[in-house]
Amino acid sequence: MPPSSASTSAAEAKPAGASGGVQSLERAFDLLERMADAGGEVGLSELSASSGLPLPTIHRLMRTLVACGYVRQQPNRRYALGPRLIRLGESASRLLGTWARPYLARLVEETGETANMALLDGDEIVYVAQVPSRHAVRMFTEVGRRVLPHSTGVGKALLADHPPEEVRALLGRTGMPAATEKTITDPEHFLEALSDVRRLGYAVDDNEQEIGVRCLAVPVPNSPTSAAISISGPTGRVTEAATDKIVPILQDVAAQLSVALANQTPA
């Protein structure tokens, strides 16, 4: 006698060993993450090779994800991330900004300058949280604003660990328009700047997005999505001397935020 749908569902819901999770859910989310790592579109054989799962299992999971709208099948029979993930991502980004605000507030308290958090979303930088400086003259970036990465400190911080060929491809898609006369507009010069970020441990936007404004940024290590935090202020306050004091604070707050995000607990 063939198994009933109830017994089949029970088998799919079997806990996954030591994790105590539901194996089919863990596998489905793992496939979604592998699709994202591959650029958003893959074939079943690629997923099988990278995950080690048999093709029938992957096909069954993908069929469910397609039915739910989280994956769609392309005319070429490959699978792509679906539009329902956009709403989840937008909500998660807003929540990420909410979790970050107490840490940004610490940055403002200790540095005196406006603090920001930004994510790499496709080829763009999107600001998801900000706590303003208490100074009368202060920087302001609207939450939700999108900018190109080549002219920002957070953009450099987020791209510093990407392979050069990926950075060149991104710059080829976006172009490198000059926001000011200080903006880096040559790909090789930008790659040199990223090398400096890796060497120094922080990124600088020195009048590159807006004249009179200097920004210091660091990535948030092990963030669930590519994230960076920064402070920005007038060049008269964010000087070379101030940089030596501010960067260790930025790095310490980024490390604390990383732990909080891993534990999914607010400050």
Side-chain angles (χ1 to χ4, degrees), residues 1-100 117-126 128-129 158-159 161-163 166 169-170 219-228 257-266:
M1 178 175 169
S4 67
S5 59
S7 62
T8 301
S9 298
E12 286 294 320
K14 183 181 178 181
S19 70
V22 177
Q23 188 179 68
S24 57
L25 284 176
E26 291 179 349
R27 287 175 168 178
F29 283 118
D30 178 65
L31 293 179
L32 289 173
E33 291 191 5
R34 290 178 187 277
M35 292 179 70
D37 291 341
E41 181 179 316
V42 295
L44 291 184
S45 59
E46 295 170 59
L47 285 175
S48 179
S50 65
S51 68
L53 294 175
L55 278 171
T57 299
I58 293 177
H59 187 264
R60 182 172 64 251
L61 292 169
M62 296 299 280
R63 192 169 62 236
T64 301
L65 290 169
V66 168
C68 293
Y70 297 116
V71 169
R72 62 183 178 186
Q73 190 169 24
Q74 306 286 68
N76 61 5
R77 309 300 293 173
R78 289 166 67 83
Y79 290 84
L81 297 176
R84 288 198 70 181
L85 290 171
I86 296 173
R87 183 169 65 90
L88 297 181
E90 290 176 343
S91 296
S93 293
R94 287 194 295 270
L95 186 56
L96 191 62
T98 299
W99 284 340
M117 182 178 189
L119 309 179
L120 182 62
D121 184 20
D123 291 345
E124 297 178 316
I125 299 298
V126 57
V128 296
L158 289 167
L159 290 178
D161 286 333
H162 285 228
E166 288 186 12
L170 183 151
V220 178
N222 304 312
S223 174
T225 187
S226 295
L257 178 55
S258 174
V259 173
L261 293 176
N263 296 331
Q264 298 183 351
T265 56

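These values consider heavy atoms only, across backbone and side chains, with no hydrogens, waters or symmetry-generated copies. Bear in mind that the values here come from a model prediction, so they are computed numbers and not experimental data.
- Smallest separation of non-hydrogen atoms from Asn222 and Ser258: CB-OG, 4.0 Å.
- Interatomic distance, Leu31 CG to Thr64 OG1, rounded to the nearest 0.5 Å: 11.0 Å.
- Residue-environment remark: CG (Asp161) stays at or below the threshold of 12 foreign heavy atoms within 6.0 Å.
- Rounding to the nearest 0.5 angstrom, the gap separating the CZ atom in Arg63 from the OH atom in Tyr79 is 8.5 Å.
- Taken from CG in Leu55 to OG in Ser48, the straight-line distance is 4.0 Å, to the nearest 0.5 Å.
- Nearest approach of Met35 to Ala80, heavy atoms of both residues: CE-C, 3.5 Å.
- Using a 4.5 Å cut-off on side-chain heavy atoms (C-beta onward), Leu119 and Ile125 make no contact.
- In this structure, the side chains of Arg34 and Val42 stay at 4.5 Å or more apart for every pair of heavy atoms.
- Every residue meeting the side-chain hydrogen bond (donor to acceptor under 3.5 Å, both in side chains) condition with Glu41, not counting sequence neighbours, appears here in chain and number order: Gln74, Asn76, Arg78.
- Checking side-chain atoms of Glu166 against main-chain N and O of Pro163 turns up no donor-acceptor pair under 3.5 Å.
- In this structure, the separation between CG on Leu47 and CG on Leu53 is 9.0 Å, given to the nearest 0.5 Å.
- Residues Ser51 and Ile58 come closest through the heavy atom pair OG-CD1, 3.7 Å.
- Closest heavy-atom contact between Leu257 and Trp99: CD1-O, 4.5 Å.
- In this structure, the separation between CG on Leu32 and CE on Met62 is 7.5 Å, given to the nearest 0.5 Å.
- Taking each heavy atom of Leu61 and Ala28 in turn, the nearest pair found is CD1-N, 4.3 Å.
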